[in-house]
Structure formats: C-alpha cells, structure tokens
Amino acid sequence: MVYYISFILIGIGIYGILTQKNLFKFLVSLTIIDTAINIFIISLGYIEGKDVPIYSKYTPVANFVDPLPQALVLTAIVIGVGTLALGASLLVRVYEKYETLEVEEIAVKEARK
Amino acid sequence: MRRVFALLISLGLILFFVNSLSILPEYGNVELSKVSNAYINKSVNGNNEKVKFGESKDLEDGAANVVTSIVVDYRSFDTLGEVTVLFTSALGVGLILHGFKRKTYGRLPNFILRVSVGILLPLILLFGVYVFVHGHLTPGGGFPGGTIIAAGILLLYLSNEEFDLSKTSKFVESYAGSLYIVVGLVGLAIGGVFLINFLPTGVVGDLFSAGIVPIVYILIGFKVGAELSGVIADLYREG
C-alpha cells in the first residue's frame, strides 16, 4: 500500500534529521520528507481502475482519478525545488566559511576563535 | 544511544500515522469530492453537461488536462503566488551566492561533451517548448517544460566556459512575470475578475483552445526556465 511507503519514508526522514551530523545529509533528509508527503497526498486521490485526469482520444469521457491532489502536489513540488535550492546555496556559503559541513567540526572551529 | 532514541521517535511517528489510517479513506477506493467533480465536468458555475473529448465546446474552461485547468484557470491566483515563491527563492540564491567567480577548469571541456551538446541542445529546447505549449492537452506544462529548458542551459554551462546567460535570464524572467499579471489585469478589465478566462475556450482537445490557459502556461514556462537557469548559473561558481 502506498500509504505505508510514504509513512516509512517520513520515518526515514525524521531519523535522518535526528541523527545525521552532516548538514548536506540533513538537507537530503528534509527532501525525503518532502517527497514522502507528496506521495501521500497523491495517493489520497487514487481511485482503482480510473485514468489520468486528461481528456484524450483514449479517455473521451470522464473516468478520472481525483485531479485536486495532483494540482496541489504540483505546487508543492515547485516550492520544494525552491527551498532545496535555497538550502543548497546556504550550504555552499557554510562550506566556504568553515571548509566542512560536519556540525561538530564547525562547533570546534567556532569555539577556537 | 542517540541513534536508539531517534529510531524510537521515528518508529513512534510511523505507528501514529498507521493508527490514523482508520480515519482515512481506503487506498484506491476514494469518493470524488463535489469540488473535484465540478472541476472534472467543468461545471463550477453549474451547467451540468458531461464533457466529451473533441465535441464539447465553449465550456467555462476548455483545457483537456483537468489538472492544468485547475492550476492555471480555476486556481490561477495560487499559481501566481507559487511563481512568486519560486522567484523569491531564485532571488535568495542569487543574494546568498553573490560575489563568487565563475567556476573554471583551465582547460577545454571534454570533446564528447562539446560535440554532443551541439546535437542535443536543440532537441532538448524543442522538447521543453513542446511540453509547455501542449500543457493544456498532455501531461506537463509550464513547470516541467521550464525545467527541461533549464537542463539544456546547464549543458551549455558545462560545455562552454565563456557562456553567460544571467542578463538574458533576468530579462526574460521579469517580462514573463509582468505579462502574467498583465493577462490577469486584462481579465479584470473585461470580465470583472482578476485572471478570469476572457478568451473563447474552443473545442476540448484542440491546440488552440482553452482561452488564456496556454498563454499563461507559456509565460510560466519561460519564467520557470529563466529562473532555474539563473539558479544554475548562481550555483555554478567557484567555491
């Protein structure tokens, strides 16, 4: 079941956020949670035996899955890309200043100043 | 110890979610809500006729792709906000990474890369344009199409050290964004509602149908392509 996949992915993301000490892995964990929530919202709209919500010559009349979650997830994906780019650029700055992304090494370098 | 606690917390969270499954609809057996049905039958204003591909015409929204009709027509104001979020994050990336030099390797890029870019780039750009021009008929639209174009621009950045697009991308981005708002204001002047679909919607499934939906999606395609190319250009700097 797709619900379980998204729950497990959320669990993996939370575990990553709590344990990883590398800032890049932290960002990856956040992205995993983002993707998991997208999968969950999409799966809320799935109806068995129905088609993609597009009128075409193969599906001339409406026999569609729920299009509303898909539209919402389209928004969420774009905003996810924006936050990921912003986070990655912050990491570039952090790496430029400390020459490492490990939180503990950054703390040591901060304390030495 | 820390890992054990983290494992316990995430397992507890998964358990909490699994317990809440009973209040969720069963997977694959969901009822379409009233709102979704109105969007699918294109009858938000209450004209209850079934839509048929290639025959129904002059509906309140003519896009064959229902998701596109929601994103760019019924909830177009949301999409304007979404494009603004993307613009803000691109601006933020530009501000944070300001002042770096362009990354150079001091030698020509690989021969295979240089030659294959010449072959692949026109195809990639053409495919991107196809995806966002047909956004109201097929899967895709302005956001994926813009991303495909940005991928082509990334190839150009990798293969040519002198290549710089930052001025062009800022120009395209600002004009596409302004034109989106102009389309909305024209709707306000003609129909009395911001971003209303004021053009004739035509037959469902034609390329020239759906009123302002293709126009807005083409503008979004240009805007997203320019923004993501700008992000790529900003990130491709000397660390």
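In what follows, every chain begins at residue 1, and chains take the letters A, B, ... in the order their sequences are listed. Keep in mind the model is a prediction, meaning the values are calculated, not measured. Just so it is clear, the values below take in all heavy atoms, side chains as well, and ignore hydrogens, waters and symmetry mates.
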task: Using modelled atom types only, decide if a donor and an acceptor are shared between the side chain of B:Arg2 and the backbone of A:Leu18 within a distance under 3.5 Å.
output: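 Side chain of B:Arg2 to backbone of A:Leu18, a donor-acceptor pair under 3.5 Å: yes, one is there.
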message: So does B:Ile96 get a backbone contact from the side chain of A:Arg93, meaning a donor-acceptor N/O pair under 3.5 Å?
response: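 Here the side-chain-to-backbone pair exists.
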task: Classify the angle between the aromatic ring planes of A:Tyr3 and B:Tyr27 as parallel (below 30°), tilted (30 to 60°) or perpendicular (above 60°).
output: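 Perpendicular: the ring planes of A:Tyr3 and B:Tyr27 meet at over 60°.
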Taking atom [atom1] of [X] and atom [atom2] of [Y], what is their separation to the nearest 0.5 Å?
X       : Y       : atom1 : atom2 : answer
B:Leu32 : A:Lys50 : CG    : NZ    : 5.5 Å
B:Leu15 : A:Phe7  : CG    : CZ    : 11.0 Å
B:Ile14 : A:Tyr15 : CD1   : OH    : 12.0 Å
B:Ser10 : A:Ile12 : OG    : CD1   : 9.0 Å

Please check if the number of heavy atoms outside [X] that lie under 6.0 Å from its [atom1] is greater than 12.
X        : atom1 : answer
B:Phe127 : CZ    : no
A:Lys25  : NZ    : no
B:Tyr39  : OH    : yes

Which answer fits [X], side chain, backbone, both or neither, if we ask what part of it has an atom under 4.5 Å from a heavy atom of chain B?
X       : answer
A:Leu72 : side chain
A:Val65 : backbone
A:Ile10 : side chain
A:Tyr4  : side chain

Return the option, out of [options], with the maximum number of heavy-atom pairs under 4.5 Å with chain A.
options                            : answer
B:Leu24, B:Leu21, B:Leu13, B:Asn29 : B:Leu21
B:Ile40, B:Leu86, B:Thr138         : B:Ile40
B:Val85, B:Ile9, B:Val18, B:Leu137 : B:Val18

Per-residue contact mode, [X] against chain A (heavy atom under 4.5 angstrom):
X        : answer
B:Val35  : side chain
B:Val30  : both
B:Pro144 : neither
B:Phe17  : both

To check you understand the geometry: which heavy-atom pair defines the closest contact between [X] and [Y], and what is its length?
X       : Y       : result
A:Leu86 : B:Ser89 : CD1-O, 3.6 Å
A:Pro53 : B:Val67 : CG-CG2, 3.9 Å
A:Leu68 : B:Ser36 : CB-OG, 3.9 Å

task: Tell me, with the steps shown, if A:Ser89 and B:Leu235 meet side chain to side chain contact (heavy atoms under 4.5 Å, CB included).
output: CA-CA 7 Å; A:Ser89 65; B:Leu235 285 175; 4.3 Å; yes
query: Would you call A:Thr75 and B:Thr79 a side-chain contact if the rule is heavy atoms closer than 4.5 Å?
result: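 A side-chain contact is absent here, since even the closest heavy-atom pair is not under 4.5 Å.
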query: Please walk me through it: do B:Asn65 and A:Val52 pass side chain to side chain contact (heavy atoms under 4.5 Å, CB included)?
result: CA-CA 9 Å; B:Asn65 187 337; A:Val52 204; over 6 Å; no
- prompt: So which of A:Leu74, A:Ile47, A:Ile14 has the biggest tally of heavy-atom pairs under 4.5 Å with chain B?
  reply: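 Greatest number of close heavy-atom pairs with chain B: A:Ile47.
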